[in-house]
Structures are given as structure tokens and as C-alpha cells.
Amino acid sequence: MPIHILDTLTGKKREFVPLEPGKVRFYACGPTVYDHAHVGHARSYVVWDVVIRHLRARGYEVKYVRNFTDVDDKIIRRASERGEDPIALADRFARAYDEDMDALGNLRPDVAPRVSDHIPQIVTLIEKLLAKGFAYAPGNGDVYYEVRKFPEYGRLSKRNVDDLMSGARVEPGEAKRDPLDFALWKGAKPGEPAWDSPWGKGRPGWHIECSAMTEEHLGATIDLHGGGKDLVFPHHTNEIAQSVAALGDGVHAEGFARTWMHHGFVEIDSEKMSKSLGNFFTIREVLARFDAEAMRVFLLNTHYRNPVNYSDVELGQAERRLVYLYETLEKVDRLAQGVTAAEGGGDDLVERSRAALDDDFNTAMVLGILADAFTAANALADRKGKKTPEDKAELARFARDARLVGRELGILQRGPAQALLSLRDRAAARRGLDQALVARRIAERAEARLAKDFARSDAIRAELLELGVALMDGPQGTSWKVE
RNA sequence: GGCACCGUCGCCAAGUGGUAAGGCAAAGGUCUGCAAAACCUUUAUUCCCCGGUUCGAAUCCGGGCGGUGCCUCCA
């Protein structure tokens, strides 16, 4: 079954057909590394992670490139505030960023290029634009792209050049022919990192890096380009202008990326989470309190194009949901230990889930499909009476298929017992629980129950419940969970 | 001001022409010494409002109302 993706350029959901059969060239715009990544970044790269995982599950050989922007105004400013070398500061945050992505369970990109390693390619690309007449160097050390030379400028963002006039700005010292023109190369100012170029010492503008690194690692035309909705204009609009002008026919916007994907924002109180508003949580802050896999469940429960409102309540809910999923797997694993999974018949959990992902990566739908399968598995597992070999084979199939689906979402890959213990530790820590005390009380209660002193037993249960601890009496003794 | 997007049960959320997935919460039940968990049942004749197109619309069109984003750095 073919994959369909809503393409920003055409505004239509279209069948995804890569340039070369079986291969996908994918570029995701990476972060500017001047600070720790926040939950908005978490969403972005979890979304791309699922896209990559699903394309690979469907048999595509995917080359995933995601850059680090390590040359930028904000990095320079931050570095000078701290008296640190800008490239070193960027390198520090790039490493921290990798740690955050690993913690979230995101696959590493195949290539993670940095701007500072691609200055020659950037210079070459700018030279091409100058030679083709799409750019000009006014002699002040800057080079600008002449927006009006590109006929389809603004097609991606559905804006025409005249609409943009009012918002365009010219900074002091710039020498643009038109306020809409944007810098490809910026002449060096004192104290800034700078590289030699035909136009003097300087550094690349914001947009040219992605055009250059895309070409370097994936070629002039790529299959899939992704980013947040805030990148549609101006960043991706300008990338198209540059790449098509330098490497394509200079006219048609589709010459750069064949499909454009843009995801919605993470919000707080229905406002975009962003550094400038100050209403953000870093990934590490949140992962100190909540489980990373729960974060994925939370993020993937909403379709990638829609906004998702961040809150501790929602995240806690996702975490409890994850507990349910792992408790089910643990129970089913126990019953189906060593059993060969059933084949044929039944409903095809894996194929139905993949079909949902084929339809513009509908992860929320997949979670819904999983919900039904988990309910059915629990019902079978808890049914009275001895399990028949057929029952066990069915449970084994469920456990296998649930994990296969989970793999595409980057969830359910841990051992259930270990995951549950870690989830409980999290919840206990959030509540400030003394786990030794809980263990002591459980032991006391066991004695009371042995003596049939149910009043005492119930008192202990009530006491612990006050602390947020729920006790569960089972055949193997009493276990507990938080909330 | 310009250009887009969004408005579905108390809350979260899928569904883009064929008669409203799923999760949380709530109520009842099974199970249990009591519980918890799990499971079963119940919970939107209705999708912000008003018109229109259609045999048929939450889904398409027009107009309102409300919210958000981009137009400056941003995932």
C-alpha cells in the first residue's frame, strides 16, 4: 500500500513516490545549538523519528540527514556573554542535544552535518547564484539573494512578494536592492567567527547552509524535507529559492524537495512554546520527572500537524497509560512463555497499524488500534479457566505484534518488568515517597493478614493510599503502585 | 493590516462526502476478606453558529463568532 503525505507545497495529500525507487532522501532542519532543547524540539524529532521508522518498515532505504546550525547570531551573542568561543559553545550544546534525543529514543540521523564544516560548499553555492544572476555582492562584504528574480518565490508559504513588503526590514549597514532580499553571506564584524571568501572575511546567512548541506549529502533534489510550521517562512521559502536557482531550473519550486512536511507546535495554555516567550521546558527538565517513553506516547497521541498542548497532567496520564501497556505485556508474556505465535486468522494488528501510518503518519490512529488490541489481550488473559494452546498462541501473537507496532512508534521495546519498576520509581520520586517505608508497611500488613486481622490490614492500606500508594494482593504476594 | 491554520462528549483526541475510533474522568457490574488491577455495560441522533451544494456533510462552498500561527529568531 502506498504512503500518502500531506505536502505543504501543493497543499494536497499525495502519494509518496521517491525519485529513486526504494530509496528516500530525507532532510530535517536541525536545531540552532545555543541552549538546551525544549519540548517543542522533542516533538519535532520524535515526529521525524516515526517517519523514518515507518519508511524503513515499509522497505525503503532511508538516508536521514539532520543538521546542526552552529554558526548563528544567537550563538555568537550567547558566547560573547559567557566569554566562550562560539563554535565550542555550539559543540557543547550539540552534544547535549544528542543526549536528549538518545534519551527520547530517537534514532540517530545518518549524517548530522554542521555549518562550520561546510563553508567551502556554501561559498561555492553562493558563487553559482552570483554567476546565474540570482544574487549580488554590493561590495560591503555581504552577498544578497535577489528575491524578485525567482518567479515562484513564496509559493510554499502561499505569499506573494507584494504581501511581504510591509513586513520586510533592512538592518542598518545592509545594502539590499530590495527590502525582501536576504543575506547569503554576511561580512564579518569584529569578534565574530569568520571565514575567508571571495567577498572578504565573513560567515554564511541563515538559509544557505541548508541548501548547501542538502546538496552535499543528498543531492540537488531530495524526496522529503521536514521542519516545524515556523520554518515555512522564511527559512524553507528561501531554501527553495536558493536551491532551485543554483541547482535546478531557476523557475519551479518543486525542483528542490519533492515533498514538504511541516508539523504543528507544542503549546502551553494554547500559546506556542518558544524561547522568546519564555514559556518552555527543556527536555532534560521534563525527563527528570517523567518517563521518556511516556513523552513519546503523549506526543504521538496527536497527529503531527495539529498543535499539542503540554501539561504535567497530560504527561502523567500518558505515563499511566504506558504502565497499563507494560502491565499487559508482562501478564501476556508470562502466560505465553515459550509458545509459538499463532499464524493466520485473527485481525492483523501490524498491517492495520501500518496502514494508519501510510495515511500521513496517523500515529493517534495507531494508538487507538493498539488500545483495542490491548483490551482484547487482557480479556483473554484474565478469562477464567485454563488457557488452551490456541489461547496461548493467540497471546503470543499479540505480544509479538504489539511490539512490532511499538517499534515503529519507538515504544514498548523495553522488558516489561524493568520498565514498570522504572516507571514506579519515577512516580514515587515525584510524590516524594519513602519506598523503604512502603516495604515495611507491606510486611506488617502481611503479618496482620496472616493473623486474619483485617482491620489492621485495611488500616495500613488506607494509610498508604493517603500517600498515593495502591496495594495489589496477588498470588505472589502484595505489590504496589503509585496513584 | 496581509497570509494561513484551527474550533468534535466534562477533559485529551482520530475521523476531510456515506451515517461519530480511542484515551482520561464518571456511573453500574464481574472478580476480591476489603481493595487495586483487569474485563463487561452505560455516557455526543451529534461535530462553534447561520445559510447553501448534495440522495446524503463533522467532512464541500459562502457568511459570522471564537482561538492560534507566520509576516523578526524559532521545531
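So you know, we letter chains A, B, ... as the sequences are listed, proteins then strands, and number each from 1.
Below the 3.5 angstrom threshold, one finds a donor paired with an acceptor across the side chain of A:R445 and the base of B:G33. Checked by distance alone, A:R461 brings a side-chain donor or acceptor within 3.5 Å of a matching partner on the base of B:A35. Applying the 3.5 Å distance criterion, the base of B:G15 shares no donor-acceptor pair with the side chain of A:N362.
Within the 4.0 Å cut-off from OP1 or OP2 of B:A75, not a single side-chain nitrogen or oxygen of A:K275 is found. One finds no side-chain N or O of A:Y326 lying less than 4.0 angstrom from the OP1 or OP2 phosphate oxygen of B:A37. When the side-chain nitrogen and oxygen atoms of A:N160 are compared with OP1 and OP2 of B:C3, none of them lie within a distance under 4.0 Å. Contact between the side-chain N/O atoms of A:R449 and the OP1/OP2 oxygens of B:G33 is not found at any separation under 4.0 Å.
A:D291 and A:R414 are joined by a salt bridge, as a carboxylate oxygen and a charged side-chain nitrogen come within less than 4.0 angstrom of each other. Of the charged side-chain nitrogens involved, at least one lies within less than 4.0 Å of a carboxylate oxygen, so that A:R53 and A:D49 count as a salt-bridged pair. Under 4.0 Å is where a charged nitrogen must lie from a carboxylate oxygen, and between A:E84 and A:R92 at least one such pair does.
Note on A:F265: a base of the nucleic acid sits closer than 4.0 angstrom, heavy atoms only. Residue A:G40 is in base contact, counting any heavy-atom pair closer than 4.0 Å across all strands shown. As judged by a 4.0 angstrom heavy-atom cut-off over every strand, A:L471 is placed among the base-contacting residues. Residue contacts shown for A:H38 include a base, since a base heavy atom lies under 4.0 Å away.
Heavy-atom distances under 4.0 Å link RNA chain B to A:G368, A:A371, A:D372, A:T375, A:N378, A:A379 of residues 366-381 of chain A, given in residue order.
Comparing the same atom, P, in B:U8 and in B:C60 gives a spacing of 15 Å after rounding to whole Å. Distance check on atom C1': B:G29 versus B:A37 gives 16 Å, rounded to whole Å. With C1' as the reference atom, B:A20 and B:G33 are 44 Å apart, rounded to whole Å. B:U54 and B:G18 have their C1' atoms separated by 12 Å, given to the nearest Å. Between B:C49 and B:C55, the distance separating the two P atoms is 24 Å to the nearest Å. To the nearest whole angstrom, the two C1' atoms, one in B:U16 and one in B:A21, are 15 Å apart. Distance check on atom P: B:A57 versus B:U42 gives 27 Å, rounded to whole Å.
To the nearest 0.5 Å, atom CZ of residue A:F16 and atom CD1 of residue A:I5 are 5.0 Å apart.
One can place CG of A:L6 at 12 Å from C1' of B:C5, the figure rounded to the nearest angstrom. Computed from coordinates, the A:L231 CG to B:U72 P distance equals 14 Å when rounded to whole Å. Spacing between atom CG of A:L104 and atom C1' of B:A75 amounts to 13 Å, rounded to whole angstrom units. Summarising the geometry, the separation between CE on A:M101 and C1' on B:A75 is reported as 10 Å, rounded to the nearest angstrom.
In this view, A:K229 and A:H262, A:F265, A:R305 satisfy the side chain to side chain contact (heavy atoms under 4.5 Å, CB included) rule, not counting sequence neighbours. With sequence neighbours excluded, the residues satisfying side chain to side chain contact (heavy atoms under 4.5 Å, CB included) with A:R449 are A:R445, A:S457, A:D473, A:T478.
Remark: ring of A:F454 stacked against base of B:G33; centroid gap under 5.5 Å, plane tilt under 30°.
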